[in-house]
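First the proteins, then the strands, lettered A, B, ... as listed; each starts at 1.
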Amino acid sequence: MLEATQLQLSKRLKDIELVLPAGRFVHLLGPNGAGKSTLLMVLAGILQPQVGQVRLNGRYLGDYSPPALAGVRTLMEQNLQTAFALSVKECLTFYAPQLGIPELLEQALEIRQFLSRPLNTLSGGEQRRVQICRTLMQLWPAITSGRALILMDEPVQGLDFAHQHRLCQLLVTLADMGNMLVVSHHQLNLAQMYGHRIWLMSEGRLVADGSQQDVLNETTLTQIFQCGIRICTDSEQNRLIQTYL
Amino acid sequence: MLVALLLVMIALSVGIAVNGLQLDAQIDQQILWQLRLPLVGSAILVGASLAVSSALLQVMLRNPLADPGLIGITSGASLFAAIYLLLGGASLAGFASYGLPLFSFLGALQSTFLIHAIARRLGLDSGAGVILAGIAISTLGGGVIAWLYFLADAQSLRNLTFWLLGSLHQADLLLVSLTLLPVCGLIGYAMMQGQALNWLYFGGQAAQVAGLDVKAFYPRMLLISALLVGIAVSLAGSIAFIGLLVPHLLRNLFGHDNRFILPASAMTGAILLLMVVWVSGAFGGVAVPVSMLTATLGGPVFLYSVIRLAKH
């Protein structure tokens, strides 16, 4: 279980309270600059809040040693760049030395074909898939035993449609194993289709915390995103969310 | 591979040390102890220190172009050495003759602290910021040295020019043996940090996520890197290019794993300088400026490495 109380960080986070039980997959949504990345970094223990505390499985993040924390939580940053021509294989083995790519990850991300290529010769979406794989392999033992906290900052950015869905299915599977997932992105329909919960942020505050049914409605979204939002139901009773200006 | 490098290094060292000597003759024994061993020792220590220091800096600053010369550590040492030489330090004898190495060592440390202070203000993860600050410091140091040139008398000028081009003939056996242990200790420690350095390829935050205490690690490694450069500079003056060339070439040929790159850099750096010594032996007794040779030998190798990378 992940709990945060009264998180404050200058003007970026204001009085955030949240609880995330085991086995849940949360979508972190909100406009640019709402504080999504900052919140993820605070939850990962990379940034210290000025006020407030984060507890992971009952222990304050500050009480974990860096290696102990690395064994139970991972964070995929939004911008991961290197000036060196690392191969995909190096990129994976440096962070997860003892493993081949787990079959579950390979099915969703399909990166075995790139192993020998330098990372920076891959396309943007392919690089993103490698980074997702790296981030997850880093604490694969904890993930397989269902006690990992997985934080991802815009992992679907640049992925083609098939891989967006495969990724979401993978994340659902990981949540079903008992892991906690917080994933930020800008895809309202993916948020509608997959996962358990929506955290909606605006100007450093957590303005909504609830199920898709509660949070993803026209009034709330229109107000938060300053954009026209229309929700319709198709012939197979799927809710489709459309945006317009 | 590491074993092969080690063997080449030992073979070259022994070859250079005993070349043409008859070890049962008194005079040849003296040449061995007073001239050859300090020369070989300097070459190994300086080459290894510079290469390892650069390999560390390149990963930490996230820039394959970083080297102690570029980010101003060397120029701090050069500036202090220049001041020392122009104040007439070169004419001092006896124990005071170690003033020059000491001064340049202090210069290297001083500029490192300056760079580190600036780096802290910019945020430790800001590789580009640190490099720009280093270039500023380097330029400033170069400017002051140019002024000193302008104002210096003929003899000091010659001493200074010679020092700035680097020479492996400066250190005596005492200085080489004094620096042996610290250099081995520092390089040994750096080599054990290979895993942590591997995590730094995607920046400080990625390393922190992987379990590294970046705030403690970064200043510690910067200091190690500066101490190595400081020692190298005090042994042999300012030597260009080894630092940039060696890790770059090794990464290009054998991949990026720092658990391999660091020891391999140490040995390849040593081998390169031993080869410089060997080549300069062809000029008879003349002490050829080292940077002249590292640049002419290293330039083509570097170019090859760059072209190979571009083809990839």
| query | Is it the backbone or the side chain of B:Gln58 that comes under 4.5 Å from a heavy atom of chain A, or both, or neither? | reply | both

| task | Under 4.5 Å, counting heavy-atom pairs only, tell me which of A:Leu80, A:Leu86, A:Leu139 racks up the most with chain B. | result | A:Leu86

| field | Proximity breakdown for B:Asn63 and chain A, heavy-atom pairs closer than 4.5 Å | value | backbone

| remark: Greatest number of non-hydrogen atom pairs under 4.5 angstrom with chain A, of B:Asp257, B:Val59, B:Asn258, falls to B:Asp257

| message | Parallel, tilted or perpendicular, judged at 30° and 60°: which one describes the rings of B:Tyr201 and A:Phe94? | response | parallel

| field | chain B contact via A:Leu47 - which portion, at a heavy-atom distance below 4.5 Å | value | neither

| field | chain B contact via A:Ile46 - side chain, backbone, both or neither, heavy atoms under 4.5 Å | value | both

| request: Flag the pair A:Glu17 and A:Arg205 as a salt bridge only when some basic side-chain nitrogen lies within less than 4.0 angstrom of an acidic carboxylate oxygen. | output: no

| remark: Residue from A:Cys91, A:Pro67, A:Pro66, A:Ala68 scoring the most non-hydrogen pairs under 4.5 Å with chain B is A:Pro66

| message | Less than 4.5 Å apart, side chain to side chain, heavy atoms only: is that true for A:Leu206 and A:Leu200? | response | no

| query | Does NZ or CZ of A:Arg73 fall inside the cone over A:Tyr64's six-membered ring, less than 6.0 Å from its centre and within 45° of the axis? | reply | no

| Are any of the side-chain nitrogens in A:Glu154 or A:Arg128 under 4.0 Å away from the carboxylate oxygens of its partner? | no

| Non-hydrogen atoms of chain B under 4.5 Å away: do they reach the side chain of A:Met76, the backbone, both or neither? | neither

| query | If we ignore angles and hydrogens, is there a donor and acceptor under 3.5 Å between the side chains of A:Gln131 and A:Arg134? | reply | yes

